[in-house]
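One structure below.
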Amino acid sequence: MRKPLLRMERTDDYDAIVKFLIDNDLEFGDEEEDSDPHPAEVLRCWQVLHGEEKHMCAACVLAKKEGKFIIDGIAVEKIYRGMGIGKILMNKAVETVREMGGTELYLNAREPGFYFALGFKEADKDMAPHFYECMNCPQYGRGCDPKIMVLEV
């Protein structure tokens with residue numbers, strides 16, 4: 001059995017990444033940015049492509065908000081989960097934060113167990129940058145109970 005041909009690459013096509021994140025059920029859209037007087041600064045975007053047709057099957061956005069590094073979106077399509085792709089993307093983000101002199105990386109975890117396994121801890125919300133709108137989301141508390149998490153890098 002042949003292994004799938006997967007390739008991770010950096011991309012500047014932020015709009016394609018946002019579409020991918022939305023298509024994979026992340027509440028991620030322009031309405032949050034429009035109402036925020038201090039929007040996140042996108043630093044890097046990565047995508048994982050599958051096959052010769054270059055189907056995007058995973059993506060990650062590293063940003064900075066209020067002077068702190070954040071994962072502003074990460075997703076792996078369901079059929080590609082369990083292959084280590086999410087971990088590879090997170091390792092790339094952590095490596096980049098270190099290269100940029102960062103010491104912490106924050107994220108809003110819908111699947112906290114995955115991030116706990118990577119060394120993240122639940123963060124004090126007062127210490128985290130405000131980059132999440134969960135309390136205003138209709139899914140909050142109805143099967144979606146995310147946690148703000150931090151990793152010391």
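In what follows, every heavy atom counts, from backbone to side chain, and hydrogens, waters and symmetry copies are set aside.
Around CG of Asp124, the count of heavy atoms belonging to other residues, nucleotides or ligands within 6.0 Å exceeds 12. Within a 6.0 Å radius of CE in Met127, no more than 12 heavy atoms belonging to other residues, nucleotides or ligands are found. A 6.0 Å sphere centred on CD of Glu95 holds more than 12 heavy atoms belonging to other residues, nucleotides or ligands. For CD of Glu99, the number of neighbouring non-hydrogen atoms (other residues, nucleotides, ligands) closer than 6.0 Å is greater than 12. Summarising the local packing, CD of Glu9 is surrounded by more than 12 heavy atoms from other residues, nucleotides or ligands at distances under 6.0 Å.
Within the 4.5 Å cutoff, the side chain of Cys45 has no heavy atoms near those of the Asp13 side chain. For the pair Val61 and Val42, the minimum side-chain heavy-atom distance is below 4.5 Å. Taking the side chain as every heavy atom from C-beta outward, Met83 and Leu6 approach each other to under 4.5 Å. Considering only heavy atoms from C-beta on, Asn108 stays 4.5 Å or farther from Ile71 through its side chain. Using a 4.5 Å heavy-atom threshold, the side chains of Lys87 and Leu118 count as touching. Two residues are said to be in side-chain contact when any heavy atoms from C-beta on lie closer than 4.5 Å; Glu77 and Asn24 meet this criterion. Counting only heavy atoms from C-beta outward, the side chains of Lys121 and Met149 never approach each other to under 4.5 Å. Contact annotation: the side chain of Trp46 approaches that of Leu62 to within less than 4.5 Å [non-hydrogen atoms, C-beta and beyond].
A salt bridge links Lys19 with Asp23; the closest basic N to acidic carboxylate O contact falls under 4.0 Å.
From Gln47, atom CD reaches atom NZ of Lys54 across 9.5 Å, with rounding to the nearest 0.5 Å. Rounding to the nearest 0.5 angstrom, the gap separating the NZ atom in Lys65 from the CG atom in Leu43 is 13.0 Å. Atom CD1 in Ile88 sits 13.0 Å away from atom CE in Met90 (nearest 0.5 Å).
A donor-acceptor pair under 3.5 Å is absent between the side-chain atoms of Arg7 and the main chain of Val48, judged by distance alone. The main-chain N or O of Asp25 is found under 3.5 Å from a side-chain atom of Arg110 such that the two form a donor-acceptor pair. Of the possible polar contacts, none joining the Arg98 side chain to the Thr103 backbone as a donor-acceptor pair under 3.5 Å is found.
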